[in-house]
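Reading through the structure tokens given below for one structure.
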Amino acid sequence: MGPLTVASMLVFLVCAATTNADTSEIFQRTCEYSTMHVSCPAGKTIRLRSAMYGRKEVNNECPNSGPDTTTCEAEDSGNIVAQMCNHETSCDIPASNSVFGDPCVTTVKYLDVVYWCR
């Protein structure tokens with residue numbers, strides 16, 4: 001391999017910056033009874049990586065007044081959020097049992113969403 005020129009280094013840096021920007025994941029969490037707003041900048045759309053409605057950890061963001069259940073997850077969370085948001089510029093997702101079902105009765109749940117803007 002020959003020596004790197006300034007031009008080849010600039011091409012590499014521009015490509016690397018574009019690749020990193022396109023793969024940056026965005027994480028959002030909202031508590032049960034709230035609505036999550038997911039959005040991308042103009043010209044980009046939402047591409048869902050994962051979604052989970054339930055409770056997998058004890059945290060202070062969404063205080064739980066019921067039993068400390070930390071092993072519940074609505075089975076179809078990812079598909080539901082994908083249908084609502086994939087390829088949209090923005091969407092609103094109610095963190096609600098009426099949308100996802102109730103995977104753990106008497107436990108306060110939250111919605112975690114991880115997505116890209118592409």
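This chain uses plain numbering: 1 for the first residue, then up along the sequence.
Looking at Ser50 and Val114, their side chains come closer than 4.5 Å, going by heavy atoms from C-beta outward. When side chains are defined from C-beta on, Pro94 counts as touching Met84, because their heavy atoms get closer than 4.5 Å. A heavy-atom distance below 4.5 Å is found between the side chains of Pro41 and Cys117. Looking at heavy atoms from C-beta onward, Val38 lies in side-chain contact with Ile93 at the 4.5 angstrom threshold.
Ser90 and Ile46 make their closest contact through CA-CD1, 3.8 Å (heavy atoms, listed as atom of the first residue, atom of the second, distance). Nearest heavy atom pair, residue Cys72 against residue Pro103, reads CB-O, 3.8 Å. Contact record, His37 with Gln28: O-NE2, 3.0 Å, taken as the closest heavy-atom pair.
In terms of modelled atom types and a separation under 3.5 Å, the side chain of Lys109 and the main chain of Cys104 share a donor-acceptor contact. Of the possible donor and acceptor atoms, one in the side chain of Arg55 sits under 3.5 Å from a partner among the backbone N and O of Val108. Side chain of Tyr110 to main chain of Lys56: a donor-acceptor pair is present (N/O by atom type, distance under 3.5 Å, no hydrogens or angles). At distances below 3.5 Å, not a single donor-acceptor pair connects side-chain atoms of Glu32 with backbone N or O atoms of Gly54.
Separation of atoms CG (Leu111) and OG (Ser77) is listed at 7.5 Å; rounding is to 0.5 Å. A distance of 12.0 Å separates OG of Ser34 from CG of Asp92, quoted to the nearest 0.5 Å. Expressed to the nearest 0.5 Å, how far SG of Cys85 lies from CZ of Arg47 amounts to 13.0 Å.
Placement of Val113 and Ile26 within a single hydrophobic cluster is found when ILVMFWY residues are connected by side-chain heavy-atom separations under 4.5 Å, directly or transitively. Tracing side-chain contacts under 4.5 Å through hydrophobic residues (I, L, V, M, F, W, Y), one never reaches Met52 starting from Trp116; they form parts of separate clusters. The hydrophobic cluster containing Met36 also contains Ile80, counting ILVMFWY residues as joined when their side-chain heavy atoms lie under 4.5 angstrom apart, directly or transitively.
Electrostatic pairing of Lys44 and Glu88 does not count as a salt bridge here, judged by no charged N lying under 4.0 Å from a carboxylate O.
Using modelled atom types and a 3.5 Å distance limit, the side chains of Asp112 and Tyr53 yield no donor-acceptor pair.
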Apply side chain to side chain contact (heavy atoms under 4.5 Å, CB included) to Thr89 and Ser39, showing your working.
CA-CA 6 Å; Thr89 304; Ser39 65; 5.9 Å; no

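Taking the centre and axis of the six-membered ring of Tyr115, the NZ or CZ atom of Arg49 falls outside the cone set by 45° and 6.0 Å.
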